[in-house]
Amino acid sequence: MNRLAAATSPYLLQHADNPVDWYEWGEEALGRAREEDRPILLSIGYAACHCWCHVMEHESFEDAKTAALMNDRFVCVKVDREERPDLDALYMDAVVALTGHGGWPMTVFLTPTGEPFYGGTYYPPEPRHGLPSFRQVLEAVDRAYRERRGDVTRSAGELTDELRRHAQAEASREPLTESLISEAVRALRHAFDERFGGFGGAPKFPPHSVLELLLRRGELDMVTATLDGMAAGGMHDLVGGGFHRYSVDDRWAIPHFEKMLYDNALLAAVYLHAHAVTGEQRYRSVVEGTLGYVLRELSLPEGGFASSQDADTDGVEGLTFTWTEEEGVAADLLYPFEDGRSVIRGELDPDLRRRLLEVRNARPQPARDDKAIAAWNGLLLAALAEAGRRLERDDWVEPGRRLAAFLLGPLSSGGRLRRSYRDGRASGTGYLEDYACVAHGLYELHVATGELEWLEQSRRLALLAVDLFADEERGGFFTSPADGEQLVVRRKDLDDSPTPSGNSMLAYVLLRLARIYGDEELERRAVSVFRLARDLVGRAPTAFGHLLCALDLHFSPPRELAIVGPAGSDVARAALAPFAPDTVVAFGPAEGIPLLEGKDLVDGRPAVYVCERFACQAPVTDAGAFSE
């Protein structure tokens, strides 16, 4: 076994038996590259990466001759993109700049100081389809590094300078106006697929944050068409609940079969909000199936949740999730996949669903990446808390409490978040998205439970994020903390990829906290994110859905609910029933929170104070007042 045998990442452990002398990213590898003046071969992927990650491993990394060439000429480093989003994003930018496209597995060649000079994605073992073989690439890169060092150094410097210029983009001086949102909605309507929902053609990824924006703007036709299209089956697992990663066709029928925690958390939230707006039971059913899947299949003993399930079972894509007529599924429910097997689309009655799930559970199951990622668990915390509150499911709120305790306990150290947790070990620094998403989830848990500690922890993490990640010169927030590892470029992420960017999520959190605590500095920090992204959102609104949601909150008239008394009181439930994403909520009584100052029970009864910029109406104690 190589050095990866000591890793926590299941993806790295998959490569622990390779004959390649793999290193994890760190000073040991970088130091050796500097001392021996060798280029670094950086390979990045993730456990649920279907097909090409596994294919390249089998074809090249398990091949003794290829491994010998790698070991002889390079310092070889394996990275799990989910554990190191900073490395993945930085070197993906480099590969896209070099080749015009990106993907995984990603192969990048670096100087010993970490500057990229050549890269790509999958390379075959023999030349084909216009691609050189991986060994040809290795030999050419080694030859260039030894014989044309000046060219390599110059190319690496120029590419790194370009990446640095992009990361240091200045904030726009043009005004922020609500027209940015209305223009984005018009662009989304132009790209909308009226037949099957979604935006653009195949492949189709679930547009969670874009749908949230459209719900906020009342664009229900695009929202419901997309939600119904996704829910029809295929990408949506009608038997076991939850969603696969994306659809390879334009009608959401044939999925890539990996299931990611973040997709299911974000989709549970948007179907929940659609149910709150429309009252349609079919959306509630999707929420119940999705969260039921997550709780059943991804729960970890410590209270957190696993990252993903693989697309493959025993090396065959979708084997666990596909069916034939011989297995008792009616022909009209089967949609052809490949090798005589099909996915299920259509209406399943509860008895058939239970029977099929029993059959499926008896099959070999896909591998599970059982590391817990802080940011993704924060997204799930928000979904569990809000869905538990709205649908009166205490059996979801309680796992939310356990998850919050896990995030603030085993997944934290010294009051700071770590990136991931597996097998009793927390590892990696927390990144911007970790702080932002966990703060978001803790806020939603406060609203669901009325328990003050979750609001206080949300604010603590948000303020810590400002200290650790803020760019005081240009605005916005860096991906990695100021006291973290210094890469050749310190990046900022603004677009959804596919989870909400750390900048957009933190801006959203800061705006809500600013309205609860009367903190203009937090609002200013959020606005600095919008100024950085102002000239980008119009070009690709599908990539900035969550940032546009935050911008919509910024432009909305402030509305605050100060609720005194238990979260389960009739008046509190009535006040919180409507879908009102621009309303902020704090439960008291409590001292030290400006929105709650001076507010108490009324004649011993729970009360709701409806406020705008801290100017409050008379307290309401009758739940019926909110249904008039």
Side-chain angles (χ1 to χ4, degrees), residues 178-232 235-236 243-247 250-252 260 262-278 283 286-287 290 376 379 382-383 386 433 436-437 440 493-505 507-508 529-530 533-556 579 581-582:
E178 198 165 359
S179 65
L180 292 168
I181 303 172
S182 56
E183 289 166 7
V185 171
R186 280 196 293 272
L188 290 169
R189 183 165 292 282
H190 181 72
F192 179 63
D193 180 351
E194 295 185 355
R195 293 185 305 161
F196 305 117
F199 304 90
K204 278 184 175 174
F205 291 81
H208 347 81
S209 295
V210 167
L211 295 176
E212 294 283 9
L213 171 70
L214 295 175
L215 266 177
R216 299 173 76 100
R217 305 295 289 190
E219 301 284 346
L220 286 183
D221 59 331
M222 287 190 280
V223 173
T224 56
T226 303
L227 293 179
D228 291 342
M230 290 193 297
M235 194 183 81
H236 180 212
F243 289 82
H244 299 290
R245 176 68 194 95
Y246 66 95
S247 170
D250 61 356
R251 63 185 63 195
W252 312 103
M260 311 302 295
Y262 57 76
D263 280 324
N264 286 284
L266 291 165
L267 286 168
V270 75
Y271 277 94
L272 175 71
H273 297 154
H275 170 66
V277 171
T278 67
Y283 297 142
V286 173
V287 177
T290 300
W376 304 356
L379 294 173
E386 188 181 3
E433 67 168 354
C437 291
H440 168 60
D493 291 311
L494 295 169
D495 57 319
D496 303 334
S497 60
T499 55
S501 72
N503 268 280
S504 64
M505 181 59 82
Y508 190 70
V529 172
F530 305 144
R534 184 202 178 281
D535 298 334
L536 301 174
V537 294
R539 302 175 199 169
T542 54
F544 292 94
H546 198 76
L547 192 141
L548 287 162
C549 287
L551 190 59
D552 185 67
L553 174 61
H554 171 61
F555 285 125
S556 67
F579 177 65
D582 296 331

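When reading the values below, keep in mind they use all heavy atoms of this one structure, side chains included, and skip hydrogens, waters and symmetry mates.
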Practice prompt. Any chance you could measure Leu379, atom CG, to Asn264, atom CG, to the nearest 0.5 Å?
Written response: 11.5 Å

Practice prompt. Take Met235 and Met230 through the side-chain contact (heavy atoms from CB on, under 4.5 Å) test and state the conclusion after the steps.
Written response: CA-CA 7 Å; Met235 194 183 81; Met230 290 193 297; 3.8 Å; yes

Worksheet item: Heavy-atom distance under 4.5 Å between the side chains of Leu213 and Leu188, does that happen here?
Response: yes

Discussion item. How long is the straight-line distance from NE2 of His273 back to CG of Leu211, given to the nearest 0.5 Å?
Written reply: 12.0 Å

Discussion item. If the condition is side chain to side chain contact (heavy atoms under 4.5 Å, CB included), which residues does Ala276 pass it with, not counting sequence neighbours?
Written reply: Arg390, Phe579

Discussion item. Minimum heavy-atom separation for Pro541 and Gly538, please, with both atom names.
Written reply: CD-O, 3.8 Å

Fill in: Nearest atoms (heavy-atom pairs only) where Ala225 meets Phe192
CB-CZ, 3.7 Å

Discussion item. Rounded to the nearest 0.5 Å, what separates atom CG in Asp582 from atom CZ in Arg216?
Written reply: 4.5 Å

Item to complete: State which residues pass side chain to side chain contact (heavy atoms under 4.5 Å, CB included) with Ser209; sequence neighbours excluded, sorted by chain then number.
Response: Asp496, Pro500, His546

Worksheet item: Is there a side-chain contact (heavy atoms from CB on, under 4.5 Å) between Met222 and Val210 once you walk through the steps?
Response: CA-CA 10 Å; Met222 287 190 280; Val210 167; over 6 Å; no

Practice prompt. List in chain and number order the residues that pass salt bridge (Lys or Arg N to Asp or Glu O under 4.0 Å) with Arg245, two or more places apart in sequence or in another chain; answer none if no residue qualifies.
Written response: Asp263

Worksheet entry | Pairs satisfying side-chain hydrogen bond (donor to acceptor under 3.5 Å, both in side chains), at least one member in residues 182-192, at least two apart | Arg189-Glu219, Arg189-Asp221

Fill in: Value rounded to 0.5 Å, distance of CG in Leu180 from CG in Asp535
8.5 Å

Discussion item. So Leu214 and Leu220, do their side chains get closer than 4.5 Å, heavy atoms only?
Written reply: no

Worksheet item: Are the side chain of Thr226 and the backbone of Gly198 linked by a donor-acceptor contact shorter than 3.5 Å?
Response: yes

Worksheet item: For Tyr283, what residues pass the side chain to side chain contact (heavy atoms under 4.5 Å, CB included) criterion, not counting sequence neighbours?
Response: Thr224, Leu227, Asp228, Tyr271, Ala274, His275, Thr278, Glu280

Worksheet item: Nearest heavy-atom pair of Ala550 and Ser504: which atoms, and what distance?
Response: CB-O, 4.0 Å

Discussion item. Would you compute the distance between atom NE2 of His554 and atom CD1 of Ile181 and round it to the nearest 0.5 angstrom?
Written reply: 9.0 Å

Worksheet item: Which pair of heavy atoms, one from Ala268 and one from Thr290, lies closest together, and at what distance?
Response: CB-CG2, 4.1 Å

Discussion item. Is there a side-chain contact (heavy atoms from CB on, under 4.5 Å) between Asp495 and Ser501? Walk through the geometry before answering.
Written reply: CA-CA 6 Å; Asp495 57 319; Ser501 72; 5.7 Å; no

Worksheet entry | Listed once per pair and sorted, the salt bridge (charged side-chain N to carboxylate O under 4.0 Å, His left out) pairs that draw on residues 196-207, sequence neighbours left out | Asp193-Lys204

Fill in: Heavy-atom pair of closest approach, residues Val286 and His236
CG2-CE1, 4.2 Å

Practice prompt. Starting at OG1 of Thr542, measure out to CZ of Phe544 and round the result to the nearest 0.5 Å.
Written response: 9.0 Å

Discussion item. Can you confirm whether Phe199 sits close enough to Pro207 that some side-chain heavy atom of one is under 4.5 Å from a side-chain heavy atom of the other?
Written reply: yes

Practice prompt. Apply side-chain contact (heavy atoms from CB on, under 4.5 Å) to the pair Leu547 and Leu536, showing each step before the final yes or no.
Written response: CA-CA 11 Å; Leu547 192 141; Leu536 301 174; over 6 Å; no

Worksheet item: Is the backbone N or O of Phe196 less than 3.5 Å from a side-chain atom of Trp252, with the two atoms forming a donor-acceptor pair by type?
Response: yes

